[in-house]
Amino acid sequence: MGIGDTRMEKGGRGAPVNISLKGDGGEDLSGHIHQVPCCVKHDGPASVSDYFKPKLAGVGDDGLPLQQAHFRGRLLQGTTLPLPHGFSGFVLSKKSDSLADSQTECWETCATFRDFTYWNHEFAPSHNDDLFRAFHWLTLSQALHNPVTHEELALSSFSL
Amino acid sequence: MGSECVVPEWASQPCILGIDEAGRGPVLGPMVYGCLYCSRSYKNTLSTLSFADSKTLKEDKREELFESLKSNDSLGWAVDVIDPRDLSAKMLQKNKINLNEISHDSAMGLIHRVLKLGVLLTEVYIDTVGDAGKYEMKLSKVFPSIKFVVAKKADSLYPVVSGASIVAKVTRDRALRDWVLDESAENMHRNFGSGYPGDPQTKSWLEDHKHPIFGFPTLVRFSWATCNTYTKGGAEVLWESDQTEEDGGSNNSNGKRQLKLSNVGFTTSKRRSEEIESSGKGRCRFFQSRKLEQLTYF
């Protein structure tokens with residue numbers, strides 16, 4: 001997640017991948033992105049809004065606003081997560097005209113999102129879920145990658 | 001729903017209560033538990049009210065009897081409508097609750113409700129679900145002050161259960177008839193039939209409303225085996241909660257690979273299975289415990 005043009009190395013094969021991320025690219029799908037606790041073996045459009053009808057379901061133990069929905073007879077409990085400040089979500093699709101060019105794979109932005117709803121099957125979402133905890137990395141990563149100033153360096157060597 | 005708003009005078013005398021169910025077998029719509037209660041001294045009059053097992057009565061006769069028992073001050077009633085969404089969810093969750101348990105809980109819930117109203121229940125008549133002896137023991141344990149009569153065909157043996165069966169059956173029929181479909185897809189219709197899997201009208205409704213991704217509208221009890229015959233050919237769905245049970249067994253199946261890949265959102269990668277799980281395997285514990293792995297290629 002980020003804005004701008006990104007190049008990634010394709011593992012093993014070494015062919016470069018060109019991903020075009022446009023913050024204003026295409027439809028804003030905020031409120032329509034669902035991460036479900038199952039794998040649907042289908043790639044393509046589905047009439048989600050006609051069949052998947054989340055309903056507000058109060059507040060969880062740790063204060064998360066909860067939703068409920070049913071999929072294939074199972075009760076799902078979910079919560080909508082805003083993406084952290086400074087991050088955007090992108091829905092990418094492979095550019096078809098790039099297929100002829102075997103050297104570079106091109107992905108382009110077809111939609112963006114600022115939040116997504118993630119669903120658990122057996123239990124209500126909580127701050128202890130892996131997905132929530134994964135976002136800890138962002139804080140940590142920032143701390144790791146922030147440049148260290150001379151003053152900070154001086155302070156820390158002083159304390160040693 | 002029920003006659004709860006008015007607690008009758010006779011409630012403080014010893015009372016009898018009958019419980020019966022409607023819509024246990026159907027693949028469509030709610031299952032309804034109904035109960036009827038009255039003072040023990042009213043028992044003889046009750047048997048003159050021509051209540052019979054609801055299944056032997058015509059629909060308009062049942063409706064008529066329901067209206068008459070509602071307006072009878074000597075009778076009280078209550079229903080528990082169990083939504084098909086709840087039936088499916090309970091029967092498909094990891095710790096599956098079977099239909100017998102759901103039925104027992106519903107019946108006990110009704111007894112609780114009536115007791116809470118202040119009705120002095122001394123005898124409860126109930127159609128058995130599962131083994132009658134075990135059911136009676138379960139009930140007596142929860143309600144030690146009540147004498148239970150658990151019997152097969154209680155609805156045709158005891159008028160108070162016959163009355164309860166009318167309450168349940170009429171409520172179930174109305175609930176299905178007035179069902180508001182949650183789904184907004186086009187070309188949906190309401191020719192549900194009786195809801196029983198063998199009913200030709202129900203069969204064609206199921207055929208008309210099956211969906212390759214979503215299965216069916218939520219009116220359908222997905223846990224019914226008959227559903228599988230309609231959804232064959234639809235998209236396969238693999239659940240994380242089902243999958244973990246099989247861990248330790250053969251977890252290199254294609255399903256597992258696909259499933260875990262879905263976590264990162266790419267399902268077309270050709271990585272080998274041990275690299276597939278987004279487990280953070282081999283990484284520092286911070287990443288492992290958050291199932292974060294490095295994605296360096298699509």
Side-chain angles (χ1 to χ4, degrees), chain A residues 8-17 19 33 35-55 68-77 89-92 94 105 107 116 118-123 128-138 140-141, chain B residues 84-95 182-186 188 211-218 220-224 227 231 234-243 255-263 265 267-271 278 280 286-287 289-292 295-298:
Chain A
M8 283 180 102
E9 281 300 303
K10 197 164 176 84
R13 284 194 265 163
V17 179
I19 304 171
I33 303 281
Q35 181 181 300
V36 288
C38 59
C39 170
V40 183
K41 292 198 170 180
H42 169 80
D43 257 328
S47 40
V48 177
S49 54
D50 283 334
Y51 282 89
F52 192 72
K53 306 273 192 183
K55 291 185 177 71
Q68 282 193 350
H70 294 264
F71 178 60
R72 291 270 179 125
R74 306 205 189 201
L75 172 69
L76 303 182
Q77 302 184 78
F90 295 91
V91 180
L92 303 175
K94 208 184 235 175
E105 240 178 39
W107 295 73
F116 68 101
Y118 105 92
W119 298 91
N120 279 341
H121 175 213
E122 294 296 329
F123 35 82
N128 288 325
D129 292 344
D130 291 336
L131 190 86
F132 264 92
R133 286 151 44 83
F135 284 102
H136 295 169
W137 167 243
L138 300 179
L140 197 65
S141 145
Chain B
R85 283 167 284 226
D86 294 336
L87 290 173
S88 305
K90 284 186 171 143
M91 293 174 76
L92 292 172
Q93 69 192 30
K94 196 167 176 182
N95 299 316
D182 224 3
E183 293 71 20
S184 46
E186 280 171 34
M188 297 181 81
H211 189 282
I213 308 298
F214 297 94
F216 286 109
T218 51
V220 174
R221 303 178 188 173
F222 284 72
S223 43
W224 260 236
C227 292
T231 50
E236 196 187 346
V237 173
L238 299 165
W239 292 85
E240 283 175 6
S241 54
D242 294 349
Q243 211 73 30
K256 175 109 182 174
R257 293 179 53 179
Q258 292 273 341
L259 182 69
K260 289 299 178 182
L261 276 167
S262 72
N263 291 348
T267 51
T268 49
S269 172
K270 295 185 182 76
R271 289 189 286 171
S278 182
F286 176 87
F287 298 111
S289 70
R290 288 165 180 79
K291 296 196 174 153
L292 279 172
L295 184 72
T296 49
Y297 56 91
F298 287 162

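Everything quoted here is computed from the prediction, not taken from an experiment. Every chain is numbered from 1 and lettered A, B, ... according to where its sequence line falls, protein lines coming before strand lines.
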Exercise. Ring centroid separation for B:Phe287 and A:Trp137, is it under 6.0 angstrom?
Worked result: yes
Problem set entry | Portion of B:Thr218 that has a non-hydrogen atom of chain A nearer than 4.5 angstrom | side chain
For this session: Return the option, out of A:His121, A:His42, A:Arg133, with the maximum number of heavy-atom pairs under 4.5 Å with chain B.
Result: A:Arg133
Seminar exercise, completed: Max heavy-atom pairs within cutoff under 4.5 Å with chain A, candidates B:Pro217, B:Gly215, B:Ser184, B:Ser223, goes to B:Ser184
Problem set entry | B:Arg290 to B:Phe286 six-membered ring, cation-pi geometry met (6.0 Å, 45°) | yes
Problem set entry | Part of B:Pro212 within contact of chain A (heavy atom distance under 4.5 Å) | backbone
Exercise. Of all residues at least two apart in sequence or in a different chain, which pass the side-chain hydrogen bond (donor to acceptor under 3.5 Å, both in side chains) check with A:Arg74?
Worked result: B:Asp242
For this session: Pick one of side chain, backbone, both or neither for A:Leu131, based on which atoms fall under 4.5 Å of a heavy atom in chain B.
Result: neither
Exercise. If only atom types and distance count, is the side chain of B:Glu183 paired as donor or acceptor with the main-chain N or O of B:Ala185 below 3.5 Å?
Worked result: no
Exercise. With sequence neighbours excluded, what pairs up with A:Arg72 under the side-chain hydrogen bond (donor to acceptor under 3.5 Å, both in side chains) test?
Worked result: none
